[in-house]
Amino acid sequence: MSVAMNQAAQISPANDYDTIRAAIRYLSENGPDVADLPGFGRALGLSERQLTDLFRRWCGLSPKSFAQAVALDHAKGLLRAQESVLDTTYEVGLSSTSRLHDLFVTYEAMPPGVFRAGGSGLDMIWGAAPSPFGTAVVTATDYGMSGLGFADEETSIEQAFEDLANRWPNARFTRDDARVAPMVAQAFDPNHWAADRPVRVVLIGTDFEVQVWETLLKIPVGKATTYSAVANHIGRPTASRAVGAAVGKNPISFVVPCHRVVGTSGALTGYHWGVPRKRAILGWEAGVISATRQAR
């Protein structure tokens, strides 16, 4: 196993996320108040100590802090000053303390001809590696990451790959987990997040879809916006539904942060890879911010 794969595996074992999913279901059914930590732990088959260790290991938060981070009130809080969030220019190399906990991304849109041809003539790789949110499945071109999805007990690695590969129906794919592992480690390990080492991504879609995805890249960790705000930002104020459809078709989950778009009420509406995973990502990001602040 390569060093890069070992680094990815250290981020978070897949079985941690399986337990986190169960925790999110518990919180959804019983509410965000986890004053009864022993009962919360028993529901997951864990002792109180094991429960606390799990959350500290997975996201750096206590169970109570995580519960607050996946609650509706937290999502509403993320929406504060949402317009200014999108008005902030995202530039690779930006030197700002507000970006200390951000994953930096540089991107390019594939030419319309490549989009229309469905990737005809392109040789691409794909593979799988551990992530904090289940097994990450990635597709990539020589220009950068072109797709990121997730596999778990409900979606196999092959099914997740097919979901991503359908966007490039005429490309030739070769599986290479060793080449994918460093990409996954860079995307999900905050220790690798730096402006001078951005994640390179390739966007393929209609002009409108790419415009929406470019806008998503302006939403920092710890913030959120709404579909209507995105529509206003791109000059299409009546296109909230179309924006929602484009967000749902985002091919590079997490890296292009479609999980930071929520309903106007703060409700965590549909997510291609499941609303529990969307909650998990937002809670995990709250842990990233907390760790960054403590390190200052």
Side-chain angles (χ1 to χ4, degrees), residues 1-12 58-60 78 84-111 124-133 136-149 176-204 210-225 233 250-260 281-282 284-296:
M1 182 178 290
S2 69
V3 173
M5 179 66 83
N6 283 330
Q7 290 173 337
Q10 290 169 5
I11 296 171
S12 178
W58 186 76
C59 66
L78 296 180
S84 62
V85 165
L86 293 178
D87 288 340
T88 301
T89 301
Y90 187 107
E91 294 180 356
V92 173
L94 181 67
S95 177
S96 169
T97 55
S98 67
R99 289 288 185 181
L100 283 177
H101 47 245
D102 262 358
L103 169 65
F104 284 81
V105 180
T106 182
Y107 66 91
E108 65 176 273
M110 295 298 281
M124 302 177 66
I125 64 167
W126 77 280
S131 88
F133 313 108
V137 179
V138 169
T139 62
T141 74
D142 288 340
Y143 302 101
M145 184 184 293
S146 59
L148 192 159
D176 191 335
D177 289 352
R179 287 180 62 187
V180 160
M183 300 180 195
V184 174
Q186 183 183 14
F188 292 105
D189 186 347
N191 292 322
H192 293 181
W193 296 359
D196 60 350
R197 298 193 306 275
V199 174
R200 293 190 305 147
V201 302
V202 176
L203 302 176
I204 183 170
V210 171
Q211 190 176 18
V212 170
W213 301 334
E214 289 171 343
T215 302
L216 300 185
L217 289 171
K218 296 181 179 181
I219 311 171
V221 172
K223 299 292 183 180
T225 193
H233 183 78
N250 168 35
I252 312 177
S253 298
F254 183 81
V255 174
V256 179
C258 53
H259 57 276
R260 297 182 197 146
I281 294 174
L282 291 173
W284 185 87
E285 288 185 339
V288 170
I289 294 171
S290 177
T292 303
R293 289 172 177 166
Q294 291 174 13
R296 289 181 185 177

So that I know where these two stand, are Trp284 and Phe133 an aromatic pair - ring centroids less than 6.0 Å apart? yes

Can you tell me how far apart NE2 (His259) and CG (Leu216) are? Round to the nearest 0.5 Å. 10.0 Å

For Ala128 versus Val180, what's the shortest heavy-atom pair and its separation? N-CG1, 4.2 Å

Measuring only between side-chain heavy atoms, which start at C-beta, is Val256 closer than 4.5 Å to Glu214? no

Gap between atom CD1 of Ile252 and atom CG of Leu203 - 0.5 Å precision: 5.0 Å

Side-chain donor/acceptor of Asp177 to backbone N/O of Gly127, under 3.5 Å: no

Taking every non-hydrogen atom, the tightest pair across Pro132 and Trp58: O-NE1, 2.8 Å

Out of the candidates Ile125, Leu148, Val255, Val199, only one should pair with Met183 under the side-chain contact (heavy atoms from CB on, under 4.5 Å) rule; please name it. Ile125

Which distance, rounded to the nearest 0.5 Å, do you find between the CD of Gln211 and the NE2 of His233? 8.5 Å

Do side-chain atoms of Trp213 reach the backbone of Pro257 as a donor and acceptor pair under 3.5 angstrom? no

Determine the minimum heavy-atom distance between Ala187 and Trp193, stating which atoms define it. O-NE1, 3.1 Å

Among all residues two or more places apart in sequence or in another chain, which pass the side-chain hydrogen bond (donor to acceptor under 3.5 Å, both in side chains) test with Asn191? Asp189

Sidechain-backbone polar pair: Trp126 side chain, Val137 backbone, donor-acceptor under 3.5 Å: no

Straight-line distance of Glu285 CD to Phe254 CZ, nearest 0.5 Å: 5.5 Å

Closest non-hydrogen contact found for Pro182 with Ala178 is CD-O, 3.1 Å

Nearest-0.5 Å distance that lies between atom CZ in Arg200 and atom OH in Tyr143: 10.0 Å

When you measure from the side chain of Ser146 to the backbone of Thr139, do you find a donor-acceptor pair of N or O atoms at a distance under 3.5 Å? yes

Gap between atom CD1 of Ile281 and atom SG of Cys258 - 0.5 Å precision: 7.5 Å

Nearest non-hydrogen partners of Gly144 and Val202, listed with the distance: N-CG2, 3.8 Å

Kindly write out the residues that satisfy side chain to side chain contact (heavy atoms under 4.5 Å, CB included) with Ala109, not counting sequence neighbours, or none if the list is empty. Val210

